[in-house]
Amino acid sequence: MTASEEAGGREWGPEERPKRVSEAAFRRYDERTVVVLPRGAEINVLNEIAARIFELLDGANTVAEIVDAVCQEYQVEPETARQDVQSFLGELESHRMLA
Amino acid sequence: MDFNGPTEIRASEGMGPQIKSQTVSVPRPGDLAPRWDELESAAAPGVHEVDLDIAGIRVRLQGLGAEQTDWIGGRYGVFAGPAGGATPGLTVSVREAPFEGFLQLDRSGPAEVYRLVQEVDGDRVRAWSYRFAGWFNEPAGTGRVWFSDRDGKGFESSLENFLRVVYSSLALRRRGFFLHSAGVIRNGRAYLFYGPSGSGKTTVCRLSLEEEPGTRIVSDDLILVLPGEGGEGPRAVSSPFRGLYAELPARQESFGIAGFYRLVQDTEVFLERVSRPRGVGELVGSLPFVTDRVENGERILDAVGGALQAVPAFRLHFRVDPTFWGALERGADG
């Protein structure tokens, strides 16, 4: 089972362009980002890396590009980044935070 | 890579998936959706007008009956007055609803949690509950509300709940917010205790009064937090939405805020400082009526984030006794 599937989602292809839900309002405070989702009135707090990925989920960046960005900005191995991005996307899907 | 638990998502005291605001309901089978077109032709109960003013946020009610006007004067005291003077931010026409009600109260089991439905249509926000339906348009400064009861408890509670929805929205325009919380004044400063229903807000008020009779309670229900003027920190502002223990104030006043304290019932008594983003997340979960509307997201983050720039947020672990005041005085490091 992949990391994404463990988080309750599917495996995302490298050329797919995931997009966060348009109605999400988010703001960075210090090293965390607070996301307010009007639908269902949910509030989530993301850590720094998660927030950076969330910012990149604008529908323009591919999964591969997001993984590359995480590798470069946080100095991690590509396979680790790939698994973690997949896991995070699965988590976002389960919270209905992706369009 | 520090990626363990990328979404540091939390709810109450467990590691639940998210914080959820519980102020808004969805219709259930048996509920009646307001037929807005039919409501438009309904008559006003009277010709009287009243201005409500909470910290300069003004709402004018038009078309009131004489008894309704008298009741509003008594209930809202210093916050109500004859119409006139400064232009209100919102003018609301009051009408009699030609229907017995809207949402249906479930009387088959334990008392149900209060239900209210909201929907947004352009600039118009619609809200309805058991015995009222209304809308308001903030940019246009207009609104209308229909009550199934002309007077009595039905009218009183319906008006109060409609006003709470309206004022919660208007406060955001002032970079403020209503917080579901209890406000206790000590040494001239407001300690704001918040958390979900049952967390202990009313208990904290009672314990504070028992320990120090005469303690001023701003509210044990809703506190209005507004930015201070001239670069000062945010202030807790008196309002008529005050709950069980707070008395109607003789004048409008405000207090500097000592801190925001999320209540956690525990066997130990101590104060836990929380980071600003976590504090923002927790506070936003205690904002009634506004969090489910898309257009409010940025304003909410502005208002709450602004407040927590100047005032710290904590979790107050407490037992049901007044020893928590010792923890508050010692601070998070005590």
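Below, chains carry the letters A, B, ... as their sequence lines are ordered, and counting in each starts from 1.
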- Item | Interface moiety of Phe54(A) toward chain B, non-hydrogen atoms closer than 4.5 Å | neither

- Sidechain N-carboxylate O distance under 4.0 Å for Glu11(A), Arg82(A): yes

- Query: Does a side-chain N-to-carboxylate-O contact under 4.0 Å join Arg164(B) and Asp221(B)?
  - Reply: yes

- Query: Between Phe88(A) and Ala50(A), what is the shortest heavy-atom contact and its length?
  - Reply: CE2-O, 3.4 Å

- Message: With heavy-atom distances below 4.5 Å as the criterion, would you say the side chains of Phe177(B) and Leu224(B) are in contact?
- Response: no

- Query: Under the side-chain contact (heavy atoms from CB on, under 4.5 Å) criterion, do Lys19(A) and Asp58(A) qualify, and how do the steps go?
  - Reply: CA-CA 5 Å; Lys19(A) 186 178 182 182; Asp58(A) 56 4; 5.8 Å; no

- Neighbours of chain A found in residues 295-313 of chain B - heavy atoms under 4.5 Å: Gly297(B), Glu298(B), Leu301(B), Asp302(B), Gly305(B)

- Query: Is any side-chain N of the basic residue among Glu282(B) and Arg315(B) closer than 4.0 Å to the acidic one's carboxylate O?
  - Reply: yes

